[in-house]
Enquirer: 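Following this message is one structure expressed as structure tokens.
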Amino acid sequence: MVKDLFERIQQNKGPLGKWASQAEGYFVFPKLEGELGPRMQFQGKNILNWSLNDYLGLANHPEVRKADTDAAAQYGAAYPMGARMMSGHTDAHEQLERELAAFVMKESAYLLNFGYQGMVSIIDALVTKNDIIVYDVDSHACIIDGVRLHMGKRFTYKHNDLESMEKNLQRATKMATETGGGILFITEGVFGMRGQQGKLKEVVALKEKYNFRLLVDDAHGFGTLGKTGAGAGEEQGCQDGIDVYFSTFAKSMANIGAFVAADKDIIDYLKYNLRSQMFAKALPMIQTIGSLKRLELLRNSSEIKDKLWENVNALQNGLKEKGFNIGDTNTCITPVYLEGSIPEAMIMVNDLRENYGIFLSIVVYPVIPKGIILLRMIPTTTHTIEDINETLTAFDAIREKLENGTYKKIADSTIIDN
């Protein structure tokens, strides 16, 4: 008997979906309103917002807003029409690619419409069934989904664990020798949940012992790390050892789009084999011209990044001084680890939003282990010391309520585990 395809879906909504009736519209799919920034509106209330990836505050920078507006007035939202291979290619796209390549110290670059689809397609294009992929177990979903397309062998190594990396490179080397293929090693410049930098310098050093190529997703490092803002590779002094560098515009650039940078022969290959771009409409001129202005500000306004790190250090040092566990983050991403259940986490976040006016991201199982609550904050250039002090005071209060059982008592009486 053939089952109804939807029977499983109707009976099991998944580990997050099972909370939808109680969480949707508040804990997940919330609606933030007003101008993007540290102070916005949520359900009719003013809140202090720690959940925007607008690291450098470029979303509302006057020069950026003018560039976006002028591009929209000149070109509208549709231009150019068609995929770049057919009819959507422009001088502005080429200019942005040249400037991005120079900024991240690579020979060539290629624009992508979206980061997620771009990374999935890059992995798919770089390997064949004879090649072996080695990647971090805590990789972002876009990497995991790209690896899923791979029809050959793949190995995961323990998160940022050098011994595990080398063990799996040894396994990959043996396998590639048998298949006649090569090895693609994938990691991240910055891991988005924990805020740790990937061990890029150490991975590059492993090239002296093993023959592999390195792909780095530096979505959170681009614009925030390194002397010039060129990312985690620049920060660690090993940018030359990164064979394929990827980043999105959705973080520091406060825009839509992404790019991949590498030697010219690799980019030329990707231009003709990257399915997510070959068969998709070109990045609109609003995003393309707007990104040129954003990149100009990244190059020429170092004080923006300096202010970002002033705020990062103030927030993270303040949390550590108060005894909060922020793990071993060495980036802007600021996680706070607490112990508690998903229902307790829901009550805690409700308290933060309703009684302290603070909005931040909550991360629970299955993204992190059961029994752990991760409150994730993204400091930006536009936050103030007053914002930070207000948040530290609120965190003192919620920790006490979590530890004395207040949240558990409320959760037990109000939340139903579906």
Enquirer: Are side-chain heavy atoms of R154 and Y135 found at a separation under 4.5 Å?
Expert: yes
Enquirer: Which heavy atom of F191 sits nearest a heavy atom of I333, and at what distance?
Expert: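 Looking at all heavy atoms of both residues, the shortest contact is O-CD1, 3.8 Å.
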Enquirer: For D268 and Y110, which I'm curious about, is there any donor-acceptor pair between the side chains at under 3.5 Å?
Expert: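 Judged by distance alone, the side chains do not pair up.
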Enquirer: When you check the side-chain N and O atoms of Y210 and E166, is any donor under 3.5 Å from an acceptor?
Expert: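 Their side chains do contain a donor-acceptor pair, which is all the 3.5 Å distance test asks for.
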Enquirer: Mark yes or no for whether D351, through its side chain, and I347, through its backbone, hold a donor-acceptor pair below 3.5 Å.
Expert: no
Enquirer: Kindly compute the distance separating CD (E33) from CD (Q41), expressed to the nearest 0.5 Å.
Expert: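 Spacing of CD (E33) from CD (Q41) equals 7.5 Å.
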Enquirer: Is the backbone of R213 close enough, under 3.5 Å, to the side chain of D243 for a donor and an acceptor to pair up by distance?
Expert: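 No.
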Enquirer: Is it the case that the side chains of Y157 and E163 hold a donor-acceptor pair, with the cut-off being a distance below 3.5 Å and no angle test?
Expert: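 No pair is found: no donor N or O on one side chain lies under 3.5 Å from an acceptor on the other.
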Enquirer: State whether the number of non-hydrogen atoms from other residues, nucleotides or ligands found under 6.0 Å of K408 atom NZ is greater than 12.
Expert: no
Enquirer: Please name the pair of heavy atoms, one in V260 and one in L112, separated by the smallest distance, quoted to 0.1 Å.
Expert: N-CD1, 4.2 Å
Enquirer: Between CG of L283 and CZ of F259, what distance do you get to the nearest 0.5 Å?
Expert: 13.0 Å
Enquirer: Are D217 and T187 close enough that some pair of their side-chain heavy atoms sits under 4.5 Å apart?
Expert: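 Not in contact.
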Enquirer: Please list, chain by chain and in numerical order, all residues satisfying salt bridge (Lys or Arg N to Asp or Glu O under 4.0 Å) with K45, sequence neighbours excluded.
Expert: E354
Enquirer: Taking CG in L292 as the centre, count heavy atoms belonging to other residues, nucleotides or ligands within less than 6.0 Å. Is the count above 12?
Expert: yes
Enquirer: With sequence neighbours excluded, what pairs up with E97 under the salt bridge (Lys or Arg N to Asp or Glu O under 4.0 Å) test?
Expert: R84
Enquirer: Who are the salt bridge (Lys or Arg N to Asp or Glu O under 4.0 Å) partners of D70, not counting sequence neighbours?
Expert: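 Scan of D70 (salt bridge (Lys or Arg N to Asp or Glu O under 4.0 Å), adjacent residues dropped) gives K66.
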Enquirer: In chain order, what residues pass the side-chain contact (heavy atoms from CB on, under 4.5 Å) check against T329, with sequence neighbours excluded?
Expert: Q316, I326, T331, P335
Enquirer: Is R353 positioned over the aromatic face of Y26, cation under 6.0 angstrom from the ring centre and no more than 45 degrees off axis?
Expert: yes
Enquirer: Report yes or no: does E107 contribute a side-chain atom to a donor-acceptor pair with the main-chain N or O of K264 at less than 3.5 Å?
Expert: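 Pair found, side chain donor or acceptor close to backbone of K264.
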Enquirer: What are the two closest heavy atoms between A394 and L352, and how far apart are they?
Expert: CB-CD2, 4.2 Å
Enquirer: For N325, give me all partners under side-chain contact (heavy atoms from CB on, under 4.5 Å), at least two apart in sequence or on another chain.
Expert: Y337
Enquirer: With a 4.5 Å limit on heavy-atom distance, are the side chains of M85 and F279 in contact?
Expert: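 Sidechains of F279 and M85: no contact.
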Enquirer: Would D91 and R98 count as a salt bridge (Lys or Arg N to Asp or Glu O under 4.0 Å) if you check the C-alpha gap in whole Å, the side-chain angles of each, and the deciding distance to 0.1 Å?
Expert: CA-CA 11 Å; D91 287 338; R98 288 193 300 269; over 6 Å; no
Enquirer: In Å and rounded to the nearest 0.5 Å, what is the CG to SG distance from N311 to C332?
Expert: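 Answer for the CG-SG pair, N311 versus C332, is 10.0 Å.
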Enquirer: Please assess T128 against D131 for the test side chain to side chain donor-acceptor pair (under 3.5 Å), listing each intermediate value before the final yes or no.
Expert: CA-CA 5 Å; T128 71; D131 300 319; 3.2 Å; yes
Enquirer: Would you be so kind as to tabulate the donor-acceptor pairs closer than 3.5 Å made by side chains of residues 195-202, with sequence neighbours excluded?
Expert:
from	atom 1	to	atom 2	distance (Å)
Q196	OE1	H159	NE2	2.3
Q196	NE2	D328	OD1	2.6
Q196	NE2	D328	OD2	3.0
Q197	OE1	Q236	NE2	2.9
Q197	NE2	N330	O	3.3
K199	NZ	N160	O	3.3

Enquirer: Under the salt bridge (Lys or Arg N to Asp or Glu O under 4.0 Å) criterion, do E234 and K227 qualify, and how do the steps go?
Expert: CA-CA 7 Å; E234 183 185 38; K227 182 178 179 180; over 6 Å; no
Enquirer: My understanding is that only residues two or more places apart in sequence, or in another chain, count here; which of them pass side-chain contact (heavy atoms from CB on, under 4.5 Å) with T384?
Expert: E386, D387
Enquirer: Could you tabulate the donor-acceptor pairs under 3.5 Å formed by side-chain atoms of residues 176-186, not counting sequence neighbours?
Expert:
from	atom 1	to	atom 2	distance (Å)
T177	OG1	T173	O	2.7
T179	OG1	N130	O	2.6
T179	OG1	M175	O	3.4
T179	OG1	A176	O	3.4
T179	OG1	G181	N	3.3

Enquirer: Pair D161, K167 - check salt bridge (Lys or Arg N to Asp or Glu O under 4.0 Å), show working.
Expert: CA-CA 10 Å; D161 186 301; K167 178 180 177 181; over 6 Å; no
Enquirer: Considering only heavy atoms from C-beta outward, does the side chain of I388 approach that of W50 to under 4.5 Å?
Expert: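 Touching, per the 4.5 Å side-chain cut-off.
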Enquirer: Among residues at least two apart in sequence or on other chains, which ones pass side-chain hydrogen bond (donor to acceptor under 3.5 Å, both in side chains) with S361?
Expert: S51
Enquirer: Answer yes or no: is there a side-chain heavy-atom contact under 4.5 Å between I373 and L375?
Expert: yes
Enquirer: Looking at K106 and D240, what are the two nearest heavy atoms and their distance?
Expert: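 That closest heavy-atom pairing would be NZ-O, 3.9 Å.
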Enquirer: What residues, two or more places apart in sequence or in another chain, satisfy salt bridge (Lys or Arg N to Asp or Glu O under 4.0 Å) together with D124?
Expert: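 Listed in chain order: nothing, the list is empty.
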Enquirer: Could you tell me which non-hydrogen atom of I372 sits nearest to which non-hydrogen atom of E339, and how far apart they are?
Expert: CD1-CG, 4.4 Å
Enquirer: So, the side chain of Q277 versus the backbone of N113: is there a donor-acceptor pair under 3.5 Å, distance only?
Expert: yes
Enquirer: Residues in side-chain contact (heavy atoms from CB on, under 4.5 Å) with A59, at least two apart?
Expert: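 Scan of A59 (side-chain contact (heavy atoms from CB on, under 4.5 Å), adjacent residues dropped) gives L36, D54, A254.
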Enquirer: T228 versus R299: any side-chain heavy-atom pair under 4.5 Å?
Expert: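 No, every pair of side-chain atoms sits at 4.5 Å or beyond.
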Enquirer: Quick check for you: to the nearest 0.5 Å, what is the distance between L169 atom CG and M165 atom CE?
Expert: 9.0 Å
Enquirer: Nearest 0.5 Å, what's the CD-OH distance between E400 and Y407?
Expert: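 Answer for the CD-OH pair, E400 versus Y407, is 9.5 Å.
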Enquirer: I'd like to know whether F395 forms a ring-ring contact (aromatic ring centres under 6.0 Å, His included) with F324, so could you lay out the CA-CA distance, the side-chain angles of the two residues, the decisive distance to 0.1 Å, and finally the verdict.
Expert: CA-CA 9 Å; F395 268 54; F324 285 97; 5.7 Å; yes
Enquirer: More than 12 heavy atoms of other residues, nucleotides or ligands under 6.0 Å from CG of N60: is that the case?
Expert: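 Yes.
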Enquirer: Look up atom NZ in K209 and atom CD in Q170, then write down how far apart they are to the nearest 0.5 Å.
Expert: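 Reported to 0.5 Å precision, the distance equals 7.0 Å.
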Enquirer: If you look at every heavy atom in L52 and G37, which pair is closest and at what distance?
Expert: CD1-N, 3.5 Å
Enquirer: Enumerate, atom names and distances included, each donor-acceptor pair closer than 3.5 Å involving a side-chain atom of residues 244-253, sequence neighbours excluded.
Expert:
from	atom 1	to	atom 2	distance (Å)
Y245	OH	D218	OD2	2.7
Y245	OH	A230	O	3.2
S247	OG	D218	O	3.3
T248	OG1	A250	N	3.0
T248	OG1	G257	O	3.2
S252	OG	F222	O	2.8

Enquirer: Does H140 offer a backbone N or O that forms a donor-acceptor pair with the side chain of E188 under 3.5 Å?
Expert: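 Answer holds: yes.
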Enquirer: How about I47 and I358: do any of their side-chain heavy atoms sit closer than 4.5 Å?
Expert: no
Enquirer: Do V120 and Q117 have side chains that approach each other closer than 4.5 Å (heavy atoms only, starting at C-beta)?
Expert: no
